[in-house]
Amino acid sequence: MSERDEQEHYDVHAVEAKWLPVWEKLDPFRADDASPREKRYALTMFTYPSGDLHMGHAEVTALHDVIARYWWQRGYEVMNPIGWDSFGLPAENAAIRNDEHPATYTYANIETQAESFRRYACSFDWSRRLHTSDPEYYRWTQWLFLRFRERGLAYRKNSPVNWCPNDQTVLANEQVVDGRCERCGAEVTRRELTQWYFKITDYAQRLLDDMAQLEGRWPERVLTLQRNWIGRSEGAHVDFELHLASGERRTVTVYTTRPDTLYGATFMVIAADADLAAEVVAPERREAFEAYREQVRKESDIDRLATGKAKTGVDLGVTATNPVNGERVPVWAADYVLADYGTGAIMAVPAHDQRDLDFAREFGLAVRTVVAVPNAEGGVDDPEQTYVATTGDGSYVNSASGDGFRLDGLSDKATAIHRIVERLEADGKGAGAVNYRLRDWLLSRQRFWGAPIPVVHCETCGEVAVPDEQLPVELPDLKGADLKPKGVSPLAAAEDWVNVACPKCGGAALRDTDTMDTFVDSSWYFLRYCSPGKDDGPFDPDQVRTWMPADIYVGGVEHAVLHLLYARFFTKVLHDMGMVDFVEPFAVQLNQGVVINQGKKMSKSLGNGVSLGDQLAAYGVDAVRLTLVFAGPPEDNIDWADLSPAGSLRFLHRAWRLAGDVTAPIGADPSPGDAMLRKVTHRTVHDAAGLVEGHRFNVMVARVMELVNATRKAIDSGCGPADPAVREAAEAVAVLLSLVAPYTAEEMWERLGHEPTVAKAGWPAVDDALLVEDSVTAVVQVQGKVRARLDVSPTISEADLESVAMGDEAVQRALAGKQVRKVVVRAPRLVNVVVG
RNA sequence: GCCCCGGUAGCCCAAUCGGCAGAGGCAACGGUCUCAAACACCGUCCAGUGUGGGUUCGAGUCCCACCCGGGGCACCA
């Protein structure tokens, strides 16, 4: 190898090995709570410890790190913590397979991932590291649960729940996707169980209202998803009088969004699995009803929602009185009405609701049009004939009460709704009402590897909270086969653990054997980071005030209605408890896309997985990071097959070579240097800041590439390597590159004669005078066609530009013999002459 | 069925306000270097912006309809 070759060889792995220990020693990213500098909190969704890091981790942390490192360069005190969401099923399943404790798998993987993160050179503050499965952490998860319970926000109820037969545990609504378990894909069934819930529905309206603060700062997509999930609807409660077989009367309230169609209600439907249905069914219909209810209970959501499935139901043999016209209508039970939405009972208006119409057709029930909705030809179709319910606006018909009250003649939905609600309220037969699709958050799980619910069940005292001073309620030492799912929590089998003295009366009592959904753990970890060692509370309110709300939260969009909704809910409750002084935890959010390969999600079965470890071995950390950041806008999915880590490496090499070519001495005054290059440098540094702040990292990288090209050109065929502008440019490249490629940047920095670390070198000062262009190209168009380009001053006046343009020879030629109708001048860039 | 996001060169992507469609990269091709190759370097090629209308002096950008791709919601009364 010649001397030149040796000098020019850039060994990425040697560079990585060289700088890691140096940074370890410098510990440059430890956030100082007491720093006088302005604080920034850079948060990234913490990791689940299954195996080693993969491409997805590499992408999200690379993007996130650009922001965190940028803030350091800009002089902020940055908190960029890291932790692990370390409770959960995969560890438990692995433990059963391998006959070991879930902690073994969990903490081994955490160590592996931590080591990978270090090598990946993220600017994490390792001193704040936390794991949700540590007793020091889940102690406070339990403490928070008890505070929620004291406020009536954690309660137990018996109700039909989503059950995953594979994982042998209940699931929250949010964890059921298309009728399947979000985690394992098994078809979810229903079970009637007593379970713990968080009363998130109490916060439905605030979860909606506070989104105003997030508008423009969170991805619109996430806000829309949350809005849909909360599902606010406006309508009315209407009371129907039920005439039971016994002669008894009973008031049943229905919820409807179309109270204006009340006169068209020709029957009523109660959810088959609602208690109400069983209570009111006539004796001669009971047998048929019980059989139907059994059938409904066995049905999974997938069966129930199967497209094209005919409506089913059973006549309950009772009637109900319509409150506005006194009409007696039959009452049915059916599965298309849901027990846990609204009141579990509806008034059916088949003419104006497709589901009701389908049901009416199936069972030969009456259809009455009360809104004459014009069709495309201007006529009015009869839903009974067309089988299409009409839901639009129209004029009201058949809508009058005996006492003269009527909707007939109205043609406006809003007015009709207003009128009928007014009438119902006056009669005490109903009222305007708001409903939400959101259900309470089912938080108990029948699995082992989670935070035990800190409640004791005592025969005499009932449900008793474990006193705070006895927290944490630690998990018993179970492993292997002990953890096999049996339909009840494995904790139930740990007799020594389950049997305790009641904290209240001292008598025999049993611990609650369920554990908490791991989304409870992750609903407050971002607060814990602010004071991770605190042992007399979940977090230090003063430190939280210092750092929160997080200035950026980077993570996957898959948590739009899970983690993000739960964390917002927790924050609002903590606000109401006086523990935090804000209601939204994450000021700005960035969702990264997914890394796919060859057009498809990476998967073992497709054999298209790309190993992060292999890529790092082949191209090094910097090239992989650069590739991911440069691939496209951060929120877009990126296809690894479209990318070129080899190209990234080539670029890094080119940048690195610049540092070796610089011969101007360190500290040289750049002002006498090459003005052209200086302008490029200052323009690039200036623009890069805006691009990072706008999360347009791919464009920022492109601009750095331009600067590298310009510097190369200056060295080879311009001002030469000794010009101080070349040093200035190379130093700027090093600092800009430090956001994406920390090893290369550090190596450049050293070659340029500086001490480590470039990560704290500071953002280069921009000289505004160098941002001003001497001249710009003005385009002169005639009828939209470019006829001339003129070099003009950027501050030229519209009048001057027009006269220069009109005086141009080529323009004159184009205008020859034509009538100038109008001249549009946009100084200094454009003149358009319109002829006519 | 409803709601969001996207469609620019062979590919990934740029294009503050509506103002010359191209910043950057990949691939390809040509050249320099080399005994040769790889690497590196220099250079070249390439689209009128999914389709059809509209507004405008001027549309990738705004409006309407449609097509394609991706995502979400969906028996929620």
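We name chains A, B, ... by the order of the sequence lines, and we start the count at 1 in each one.
- Close to B/C41, at under 4.0 Å from its OP1 or OP2, lies a side-chain N or O of A/R654.
- Going from atom CE of A/M705 over to atom P of B/C12 covers 17 Å, rounded to whole Å.
- The phosphate of B/C12 has neither OP1 nor OP2 within less than 4.0 Å of any side-chain N or O from A/N698.
- Between B/C42 and B/G24, the distance separating the two P atoms is 12 Å to the nearest Å.
- The nucleotide B/A14 finds no pairing partner, because no Watson-Crick or G-U wobble arrangement with both distances shorter than 3.5 Å includes it.
- Take the nearest nucleotide of RNA chain B for A/P633 and for A/S233: the residue whose nucleotide is more 5' is A/P633.
- With B/A74, B/G24, B/C42 as the candidates, the nucleotide lying closest to the side chain of A/R437 is B/A74.
- Glycosidic conformation, B/G48: syn, with the torsion inside 90° of 0.
- Across all strands shown, A/L338 has heavy atoms under 4.0 Å from base atoms, whether or not it also approaches the sugar-phosphate.
- A ring-centre distance under 6.0 Å is found for A/F267 and A/F359.
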| query | Can A/D358 and A/Y336 be said to form a side-chain contact (heavy atoms from CB on, under 4.5 Å), step by step? | reply | CA-CA 11 Å; A/D358 293 344; A/Y336 84 93; over 6 Å; no
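- For A/R437 and A/Y341, the positive end is not near the middle of the six-membered ring at less than 6.0 Å and at most 45° from its axis.
- Rounded to a whole Å, the CG atom of A/L649 is 13 Å from the C1' atom of B/A40.
- Here the side chain of A/R650 is nearest to one of B/C11, B/A40, B/G25, namely B/A40.
- Contacts of A/V823 with the nucleic acid, taken as non-hydrogen atoms under 4.0 Å apart, are absent.
- Toward the 5' end of RNA chain B, the nearer of the two residues A/G632 and A/Q783, judged by each one's closest nucleotide, is A/G632.
- Nearest to the side-chain atoms of A/R712 among the listed nucleotides B/C75, B/C42, B/C73 stands B/C42.
- A/F651 comes within 4.0 angstrom of no nucleic acid atom, judged by non-hydrogen atoms across all strands.
- An OP1 or OP2 oxygen of B/G25 is reached within less than 4.0 angstrom by a side-chain nitrogen or oxygen of A/N709.
- The glycosidic torsion of B/C17 lies within 90° of 0, placing the base in the syn range.
- Out of B/C13, B/A77, B/C12, the shortest distance to the side chain of A/I346 is found at B/A77.
- Using a 4.0 Å heavy-atom cutoff across all strands shown, A/R787 reaches no nucleic acid atom at all.
- On a pure distance criterion of 3.5 Å, a polar donor-acceptor pair joins the side chain of A/R826 and the base of B/G19.
- In this structure the side chain of A/I270 never reaches within 4.5 angstrom of the side chain of A/W332, judged on heavy atoms.
- Listed nucleotides: B/G24, B/C57, B/A14. Nearest to the side chain of A/K822: B/C57.
- Between A/V371 and A/R258, some side-chain heavy-atom pair lies under the 4.5 Å cut-off.
- To the nearest whole angstrom, the two C1' atoms, one in B/A28 and one in B/A9, are 13 Å apart.
- Only the P atoms considered, B/U44 is 23 Å distant from B/A37, to the nearest whole Å.
- Here A/R657 does not reach the OP1 or OP2 of B/A40: none of its side-chain N or O atoms lies under 4.0 Å away.
- Contact annotation: A/T224 side-chain N/O to B/G72 OP1/OP2 distance is not under 4.0 Å.
- The base-pairing partner of B/C73, taking Watson-Crick or G-U wobble contacts with both distances under 3.5 Å, is B/G1.
- Across all strands shown, B/U51 forms a Watson-Crick or G-U wobble pair, both distances under 3.5 Å, with B/A65.
- Put simply, the side chain of A/N832 and the base of B/C57 share a donor and an acceptor less than 3.5 Å apart.
- Look at the P atom in both B/C26 and B/G43: the space between them is 14 Å, to the nearest Å.
- Using a 4.0 Å heavy-atom cutoff across all strands shown, A/R821 reaches no nucleic acid atom at all.
- Between B/C26, B/A77, B/C42, one nucleotide has an atom nearer to the side chain of A/S644 than all others, and that is B/C26.
- Checking B/C46 for Watson-Crick or G-U wobble geometry (two distances, each under 3.5 Å) identifies no partner in any strand.
- Taking atom C1' in both B/U8 and B/C4, one finds a spacing of 22 Å when rounded to whole Å.
- For B/C41, the paired nucleotide is B/G31, the pair qualifying as Watson-Crick or G-U wobble because both relevant distances are below 3.5 Å.
- With salt bridges taken as basic N to acidic carboxylate O contacts below 4.0 Å, none links A/D239 and A/K429.
- Residue A/D335 is classed as a base contact, given a heavy-atom separation below 4.0 Å to a base.
- Using C1' as the reference atom, B/G58 and B/G18 are 8 Å apart when rounded to the nearest Å.
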Open item on the list: Before you tell me yes or no, could you show the steps for A/F697 and A/V692 under side-chain contact (heavy atoms from CB on, under 4.5 Å), namely the whole-Å CA-CA distance, both residues' side-chain angles and the distance that decides it to 0.1 Å?
Closed with: CA-CA 6 Å; A/F697 313 129; A/V692 172; 4.1 Å; yes
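- Salt bridge present: A/E220 and A/R227 bring a charged side-chain N and a carboxylate O closer than 4.0 Å.
- Between B/A77 and A/Y341, a contact under 4.0 Å exists linking OP1 or OP2 to a side-chain N or O.
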